[in-house]
Amino acid sequence: MNTPFNNEELWQSVLAQIQFNISRPNFATWFHNTKVISNKNGEVLVGVPNLFSKEWLGGKYQSLILKILRSLDNNIRLVEFTVKSDNITNADLTPKKELLMATSLANSQMPFLDLKVDPKTNLNPRYTFENFIIGSFNELAHAAAWATTEKPGTAYNPLFIYGGVGLGKTHLLQATGNRANSIFPDKKIKYTTAERFISKIVEAIKNRTIEDLKQKAAKTDILIIDDVQFFAGKEKTQEEFFHIFNTLYQNQKQIILSSDRPPSAIPALADRLRSRFEGGMIADIGSPDIETRIAILKTKCEEKEATVAEEILNYIASNIQRNIREMEGALTRLIVCQKINQKEPSLIDAKKLLRNFIFSPKKTTSFKQILNVVASFYDLSPNDVLQTTRRQEIVKPRQIAMYLMRNELQESYPSIGRKFQGKDHTTAIYACEKITRQLEEDGILATELNLIKQRLYGELDVSKTSET
Ligand code: ADP
Ligand code: MG
C-alpha cells in the first residue's frame, strides 16, 4: 500500500507538528537541513546534516518523530537517521565561500570511502590495525581485539568494547573484522550496526521470516555489532538476539560488540542479556593524550597524502581534545582547502579556517547567557534551572550551568553558589567536579557541552530566542 504523502510532504507535516512539541532553539538546531530521503517498506530514512544531529535526533527525538510519522501513515514502523549534507541552506552560518567549498568537497568524498564496503561482510577496508594508533587510552581494547583475530571464539567471548563518541570503536571493530577476514578467508564474518540489526529483526518479524534470519545468523563465525546501546528498550530485538547470541556462543563463534557505555549503564536492557554482555571481556577506550592525538593526525595526513606543518598539527591536537573524529574533520577541512588553493596554509590561515571547530576563549559570555542557553538547550526555562530540586532533568542542566560559570567565567565557588539561590560553595564544587569527571567518560555529555558552547559563543545564535 502506498503512503498518501510524498517524502517532502511527509517531512513537512512532521516538522509542522514537531514545532509544537519542542522549543524554538532546539527546533532550529536539530531540524535544520533535515529531510526524508526514502520511505520504503515502513522504514523512513531521514537525512541530517551532521553526526551530532544524527546522534541527538536518534537518541532524543526518535520516538516523537516515529509517533508523528505513524499518525500520518500507519505503515511506518521505523525511522532512521543518516548524515547527508547536500544542499546546504543554513543562512545563519553564512560560511565563507572557501569554507563552503571545503565543506562540500570534504562531504562529497565521504560516500567514496563508503562505496568500498564489502557487501559480504559489510566491512570497510579503510579501517585496519595498521592505521589504528595505540596509546594507553585504548591499548587494552586493542590487545583484546587483536587476540580475537588470532583465535576467534576462544580468546575473549564476547568482546565488549565501550567508549565515547568518535574515539575509535567502529575503527577497531572493523579492523578486527578485516584482519580476521584476511587470516581466515573461509570464515563467515559479518559486521553490522545495532540500528541495522534492529531493523532487520523488525522486518523479519513482520514478514514472518525470523526463523530464517536466526538460522542464517547462526552460521556466522564472527558476528560484530556496533553501538549496541541502541538495543536499549528494544525488547523484541533483545529477545531474538539473546537466542542468536546463545547459539553462537555455544558453538564457539566469536561475538564482538561495541557501545558508548558499559553494559551496566545501558538502560532497559534485559538482565539476561546484560549478564551475557558482561560474561566475556570488557575493555574501554578513553581519550587520547596530546602525543597520541598528534600521531593520529600524522597517520591521517599520510592516508590523505598531504603534508601539514607540525605547528598546525600541534594547534589542532591541542585545541580539539575530546574526539578523534572531530579532530580528523578539522584536518580534512584544512587539507581540502590546501588542495584547492594549492598552497600550504599558514598557522594564521589554519586558525581562521578552523574557527568553527575550536572555541575561542577570548569571546565573552555572562551568567545570564549561560543560564539562558543551558535552559533552552534542555527545553527548560531559566527559572527551572535555578530551582532547588533533585529532579534529574533539572539537576544535570544546573550542574552544567555551574560548570560553565566556573570554566568560562572563572567565577569563585562561593559566588557560583550565591547565584544559584544562595547554595553553599561545596554544592558548586561538587557540581563542577562531577561534570568534569563525567566528561571523561560520557561522549554524549561532551557533545552536549560542545553544542552549548557553540550557542554561547554565537555560532548558532539562538540564545536570544525567547522560550515559551
Ligand atoms: P566511534 O565509533 O568510537 O564513534 P570511530 O571509530 O568512528 O569512533 O572513529 C572516528 C574517527 O577517528 C575515524 O575516522 C577513525 O579512523 C579515527 N580514529 C579513532 N581512533 C583512532 C586511532 N586510535 N587511530 C587512528 N584513527 C583513529
Ligand atoms: Mg562508531
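As the structure lists them, so they are numbered: ligands from 1, and atoms in each ligand from 1. Just so you know, these numbers come straight off a predicted model, no measurement behind them. Index from 1, following the sequence.
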Any N, O or S atom of T170 closer than 2.8 Å to the Mg ion (ligand 2):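 Coordinating: yes.
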Which residue and heavy atom of the protein sit nearest [atom], plus the separation:
atom	result
atom 6 (O) of ligand 1	H171 N, 2.8 Å
atom 24 (N) of ligand 1	I133 N, 2.8 Å
atom 12 (O) of ligand 1	I324 CG2, 3.1 Å
atom 25 (C) of ligand 1	N131 O, 3.2 Å
atom 11 (C) of ligand 1	E328 OE1, 3.4 Å

Option with minimal heavy-atom separation from atom 5 (P) of ligand 1, where the choices are E139, E326, R325: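 Selected option, by shortest heavy-atom distance: R325.
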[X] to ligand 1: N or O pair under 3.5 Å?
X	value
K169	yes
F132	no
G168	yes
K300	yes
I134	no

Side chains of [X] and [Y], donor plus acceptor under 3.5 Å:
X	Y	result
T193	D226	no
D289	T292	yes
N157	Y249	no

Candidates K298, R293, K300 - the one meeting salt bridge (charged side-chain N to carboxylate O under 4.0 Å, His left out) with E328: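 Exactly one option meets the salt bridge (charged side-chain N to carboxylate O under 4.0 Å, His left out) with E328, and it is K300.
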Using a strict 4.0 Å cut-off to heavy atoms of [X], name the atoms of ligand 1 that fall inside it.
X	result
R126	14 (O)
N138	23 (N)
G164	3 (O)

R455 to F377, cation-pi by 6.0 Å centre distance and 45° axis angle: no
G166 heavy atom under 4.0 Å from ligand 1: yes
Evaluation steps, side-chain hydrogen bond (donor to acceptor under 3.5 Å, both in side chains), between Y378 and E448: CA-CA 10 Å; Y378 290 104; E448 291 180 13; 2.4 Å; yes
Side chain to side chain contact (heavy atoms under 4.5 Å, CB included) partner of Q254, chosen from L159, L223, T176: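 Output: one option passes, namely L159.
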Geometric class of the W146/F129 ring pair [parallel <30°, tilted 30-60°, perpendicular >60°]: perpendicular
Geometric class of the F197/F241 ring pair [parallel <30°, tilted 30-60°, perpendicular >60°]: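 Plane angle over 60°, so perpendicular.
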Nearest-0.5 Å distance, OH of residue Y162 to OG of residue S258: 13.0 Å
